[in-house]
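All values below come from the heavy atoms of this structure, side chains included, with hydrogens, waters and symmetry mates left out. Chain identifiers are assigned alphabetically (A, B, ...) following the order of the sequence lines, protein sequences preceding nucleic acid strands; residue numbering begins at 1 within each chain. Please read these numbers as outputs of a predicted model, since none were measured by experiment.
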Amino acid sequence: MHETAVLFLEFGAVLLGLGVLGALALRIGISPIPLYLIAGLAFGTGGVLPLATSEEFISVGAELGVVLLLLTLGLEYNADELVTSLTSNARAGLVDLVLNAAPGAICALLLGWGPVAAVAMAGVTYATSSGITAKVLSDLGWIGNRETPTVLSLLVFEDLTMAIYLPVLTTVLAGLSLASGAISVGIALVTVTVVLVVALRFGRFIEAFVSSPSSEVLLLKVVGLALLVAGLAQQLQVSAAVGAFLVGIALSGELAEGAQALLAPLRDLFAAVFFVFFGLQTDPAKILPVAGLAALLALVSMVTKLLTGAYAARRAGIGRAGRARAGIALIPRGEFNIVIAGLAVGAGAHPDLGALAAAYVLILAAFGPLAAKLVQPFITAIAKRA
Amino acid sequence: MVEVEQTALPGIGLRHDFTTRAGQRVGVVSHRTGRRDLVIYDEDDPDRACQTVKLNDEEADALVELLGAPRIVQRLNQLHQQVEGLVSVQLPIPPGSPYAGRPMGEARVRTRTGASIVAVVRGGRVFASPGPDFVFHEGDVVVVVGSEDSTAEVADILANG
């Protein structure tokens with residue numbers, strides 16, 4: 001068969017399969033991410049239906065998926081919100097960082113995977129999936145709740161931490177010396193600061209350049225700018241993902257809303273490809289041996305997120321029930337954790353890291369939203385009695 | 001005075017809420033997309049929204065009209081009762097009015113009649129204390145406060161120039 005024909009057949013079958021899985025996830029009411037990962041496991045090496053030719057194509061699509069995920073995440077927030085949440089919620093944000101990075105790092109060190117894997121695993125257990133959490137808040141009607149601003153500002157803080165963490169991770173994974181590592185972290189910090197300042201002071205100039213009444217022109221300009229900055233960031237060892245995130249932050253207001261609406265379908269397509277690609281890289285045979293460990297890690301980091309949410313909500317003067325809800329909303333892990341594990345696997349970290357991260361995210365992406373749904377009536381009952 | 005609390009919801013929009021005298025907490029979540037949620041809080045668990053009413057632009061406008069416009073007129077009527085000889089009237093900008101599409105300042109209502117335009121109601125929305133550059137549209141309802149004679153003069157100005 002012609003190579004293009006095979007590519008189309010395989011890629012088409014994968015996308016169609018994802019569509020069916022997405023519909024299934026919608027019906028059960030969970031995030032489709034775990035199902036995409038499972039699909040990737042099935043298509044990859046050692047899976048039931050290994051792909052022949054399209055893996056290379058999917059790998060480029062996956063890179064695009066990461067850039068688009070981070071770009072749209074950046075578009076959700078404007079620079080004002082980032083600065084406000086950084087100054088007013090720094091303490092809760094730091095508690096979040098320490099409590100939730102620790103389980104992953106400690107686990108990697110106990111397994112003897114070395115400090116590099118520890119840095120990567122710290123990121124895997126730290127970041128809450130803002131995508132899944134936002135969906136949980138909206139599905140359960142928690143957006144109006146009084147603890148919700150606390151949850152959201154923790155998410156903003158995490159995303160900002162990522163802008164510094166990802167360059168650190170890239171440097172550590174590249175095995176660069178301490179000096180050149182420090183330089184690239186320095187570059188990252190300077191870039192983040194410059195982008196925030198530019199966005200706050202001169203945001204309208206960027207917007208004047210990018211904005212256009214034609215959605216076609218707007219789409220091309222935004223994606224072009226994001227890819228350009230992502231490439232530049234990658235070249236500077238700052239990580240392409242961070243570059244795209246910063247472009248998203250620099251754009252705000254109506255322009256950001258328009259761009260978000262335009263990019264959403266594109267992002268959904270390539271993000272799904274990204275999750276599949278991560279699954280492809282993971283050997284399903286390796287998942288089972290680490291499943292118990294992943295479950296334990298998931299349990300520990302559920303508790304640490306609950307504590308984080310309770311602490312942050314308590315500081316904001318929220319009652320007992322609200323504190324519990326804040327913690328539960330923070331449990332889901334998803335896209336970021338896979339992005340981090342993907343970087344580590346790509347750089348040749350410990351072979352079991354990918355399998356552990358996949359199993360871990362499978363559990364928490366699926367269980368997080370379910371937990372919120374199941375626990376809701378109990379919390380209400382407790383609040384009534386108190 | 002009702003103390004309205006404003007909270008930013010990063011990535012979503014803004015929330016305003018307050019507690020009524022009866023102890024019920026209510027709020028409005030303004031999404032950036034234009035959606036509005038009317039939120040009623042649980043009395044047992046005051047942090048939880050037990051009822052969320054999602055409103056699109058039109059529905060939000062309709063609710064504002066129900067709550068807002070009659071309230072303004074009611075307030076003006078109270079003012080009217082308090083001060084002898086002062087009336088408030090609602091005057092439409094009729095089709096063909098010379099001031100439709102022109103800024104309010106050009107009608108020079110206060111200079112010519114002594115009456116004041118205190119609000120303009122358009123499509124269910126109330127524009128309180130409009131400035132001289134506020135542009136009238138056909139179909140607007142102008143709320144005018146003044147004496148019987150001066151408000152009648154305003155009606156004539158708005159209809160015939």
Side-chain angles (χ1 to χ4, degrees), chain A residues 72-78 80-86 88-89 130-131 133-134 137-138 140-157 159-160 252-254 256-257 260-261 313 316-326 376 379-386, chain B residues 1-64 66-68 123 125 127:
Chain A
T72 45
L73 186 68
L75 283 174
E76 271 182 33
Y77 306 122
N78 54 41
D80 281 332
E81 289 173 342
L82 291 181
V83 173
T84 316
S85 117
L86 199 60
S88 62
N89 278 296
S130 42
T133 294
L137 293 175
S138 136
L140 296 180
W142 286 7
I143 288 181
N145 284 9
R146 306 213 327 128
E147 75 276 2
T148 296
T150 311
V151 173
L152 292 174
S153 66
L154 275 178
L155 294 182
V156 176
F157 189 92
D159 293 338
L160 211 51
S252 60
E254 270 178 45
E257 271 166 42
Q260 225 175 340
I318 303 297
R320 270 232 230 81
R323 285 178 225 163
R325 278 193 302 268
Q376 161 128 305
I379 298 178
T380 314
I382 292 167
K384 282 228 163 81
R385 205 178 306 160
Chain B
M1 263 306 273
V2 180
E3 260 183 56
V4 180
E5 215 178 294
Q6 177 185 316
T7 319
L9 299 174
I12 295 175
L14 271 181
R15 190 191 69 210
H16 292 93
D17 57 74
F18 66 92
T19 308
T20 64
R21 189 172 294 180
Q24 177 68 58
R25 201 160 183 88
V26 290
V28 172
V29 178
S30 314
H31 294 252
R32 281 187 201 150
T33 52
R35 193 180 108 192
R36 299 283 181 273
D37 292 349
L38 180 66
V39 180
I40 315 287
Y41 290 93
D42 193 336
E43 282 185 43
D44 298 315
D45 177 359
D47 302 318
R48 176 174 161 260
C50 62
Q51 273 299 340
T52 303
V53 184
K54 292 178 190 172
L55 303 167
N56 64 21
D57 277 350
E58 282 175 19
E59 293 154 355
D61 279 346
L63 191 63
V64 166
L66 290 175
L67 294 172
R125 224 188 265 183
F127 298 88

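Side-chain atoms of B:Asp47 do not come within 3.5 Å of backbone N or O of A:Asn145 as any donor-acceptor pair.
Taking every heavy atom of both residues into account, B:Ala49 and A:Gly144 meet most closely at CB-C, 4.2 Å. The two residues A:Glu76 and B:Arg32 make their nearest non-hydrogen contact at O-NH1, 2.8 Å. What you find for A:Pro149 and B:Ala8 is that their closest heavy atoms are CB-O, 3.9 Å. B:Pro10 and A:Val156 make their closest contact through CB-CG2, 3.5 Å (heavy atoms, listed as atom of the first residue, atom of the second, distance).
Counting heavy-atom pairs closer than 4.5 Å to chain B, the top residue among A:Ile143, A:Leu73, A:Val151 is A:Ile143.
Distance check, rounded to the nearest 0.5 Å: CZ of A:Arg320 to CG of B:Asp45 gives 11.0 Å.
Contact annotation for B:Glu5: only side-chain heavy atoms (C-beta onward) come within less than 4.5 Å of a heavy atom of chain A. Only the side chain of B:Arg15 comes within contact range of chain A, judged by heavy atoms closer than 4.5 Å. Residue contact with chain A, scored on non-hydrogen atoms closer than 4.5 Å, involves the backbone and the side chain of B:Leu9 alike.
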